[in-house]
2 protein chains.
Amino acid sequence: METIELNKRQELIIQIVKDNGPITGESIADRLNLTRATLRPDLAILTMAGYLDARPRVGYFYTGKTGSQLLTEKIKKIKVKEYQSIPVVCDENVSVYDAICTMFLEDVGTLFVVNKDGILVGVLSRKDLLRASLGKQELTNIPVNIIMTRMPNITVCLKEDLIVDVAIKLIEKQIDAVPIVKETEKGFEVVGRLTKTNITKVLVDLGNDEMI
Amino acid sequence: METIELNKRQELIIQIVKDNGPITGESIADRLNLTRATLRPDLAILTMAGYLDARPRVGYFYTGKTGSQLLTEKIKKIKVKEYQSIPVVCDENVSVYDAICTMFLEDVGTLFVVNKDGILVGVLSRKDLLRASLGKQELTNIPVNIIMTRMPNITVCLKEDLIVDVAIKLIEKQIDAVPIVKETEKGFEVVGRLTKTNITKVLVDLGNDEMI
């Protein structure tokens, strides 16, 4: 939308509609001392670009949207399920050593810890595992449930959530990934993983014009 | 740009200009059996939206850009320097244990290793440090230059590079951060850090309409 540069007259029209809307095309033309015909292209542009909306027998009104806001609407439509990765889980009773091995084998930065029913009980980040490795204890003797972040302190998301909302959570909570969950009677079942890598891919796709 | 939905006539005009451009407004009108005046709003919209370009005494020609391409142009203007973070460096002679401590103290996921002249010689990720911690050796006895990724295998970027190009590098190389460097006679001086967190912030800002 940035590529549409409004001219002076179009900006004036937006201001008039903002202040007086709903207002008819004739009234706008009157205020500008122009004919309705002269104004038609401008009104068409402003309506198509989303700045103004028109209702029959009511007139034009201001949508409250700036050009840039209209642009961001595209980003606000992208859902988690379009970019999710497969989750990698481990059992709550395995050792920190085994968890680190799983992380390397599966090549992920975050493991989700589940109980015997497959319900989410914790999250392990590289940071958590690295902190544990600084200690004096043998890593094979520490169970992951000692060091993991546990419910209800886990940030989760749903398949239908917006990517941009999850991006905000990742930044606010300073985490690299969130489990994508499905609510069940027993708790959250892990169905996916959304990471900063997935979000980086969103930006690459937007930049590559691959989002249509 | 997605919010501009072209009508049939506008799509027809684009097709005519694509096939016959440069072409005058009169010739387009003739082909559509319409008057120049009827066509004026459509041509104005298509020109302002960037689909067509007009040159005096030449006529209209097709820019080759789709609506979505025009939208991505905004993303392709964002530079590294607009979103960079401060780099955290460590000396090439410190131990893995000290590097892990620095990582926690500074709360970063990647350390850049420099020599006595302050020139970039290596990169340490959480993954590198975690791998080292799995070994049998004492972490205080291993110098970081044994385990770090070293030049020339380090992916770097410049302040003036495009964020989207760095995003592509991060995904291709499967890394979380790149050093932002300045070329000197002795080698690369580290002046910043660009991470997947920075890129996640770009998406949040785009979604929040804070990019104007």
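Letters A, B, ... are given to chains in the order of the sequence lines, protein chains preceding strands, and every chain is numbered from 1.
From B:K76, atom NZ reaches atom CG of A:L206 across 11.0 Å, with rounding to the nearest 0.5 Å. To the nearest 0.5 Å, atom OG of residue B:S133 and atom CD1 of residue A:I100 are 5.0 Å apart. In this structure, CD1 in A:I45 is found 8.5 Å from OG1 in B:T47, a value given to the nearest 0.5 Å.
Put simply, the side chain of B:D176 reaches to within 4.5 Å of the side chain of A:R126, judged on heavy atoms. The closest side-chain heavy-atom distance from B:I199 to A:K196 is not below 4.5 Å.
Between A:G207 and B:I75, the shortest heavy-atom contact is CA-CG2, 4.0 Å.
Interface check for chain B: of the options A:K127, A:K201, A:M103, the most heavy-atom pairs under 4.5 Å are formed by A:K127. The greatest number of non-hydrogen atom pairs below 4.5 Å with chain B, out of A:L129, A:T195, A:L134, A:L139, is found for A:L134.
Only the side chain of B:I171 comes within contact range of chain A, judged by heavy atoms closer than 4.5 Å. Contact of B:L203 with chain A is made through backbone and side chain together, with heavy-atom distances under 4.5 Å. In this structure, the portions of A:I168 lying under 4.5 Å from any heavy atom of chain B include both its backbone and its side chain.
Within residues 35-44 of chain A, the residues approaching chain B closer than 4.5 Å by heavy atoms are, in numerical order, A:P41, A:A44. Identified by a heavy-atom distance below 4.5 Å to chain B, the contributing residues of residues 104-113 of chain A are A:F104, A:D107, in residue-number order.
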Name the atoms and distances for all side-chain donor-acceptor pairs under 3.5 Å in residues 146-164 of chain B, with sequence neighbours left out.
unit_1 : atom_1 : unit_2 : atom_2 : d
B:R150 : NH2    : B:N145 : O      : 2.1
B:K159 : NZ     : B:Q84  : OE1    : 3.4
B:E160 : OE1    : B:K79  : NZ     : 2.9
B:E160 : OE2    : B:K81  : NZ     : 2.8
B:D161 : OD2    : B:L158 : N      : 2.8

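Taking the side chain to side chain contact (heavy atoms under 4.5 Å, CB included) definition, one finds that B:E138 meets it with B:T140, B:N141, sequence neighbours left out.
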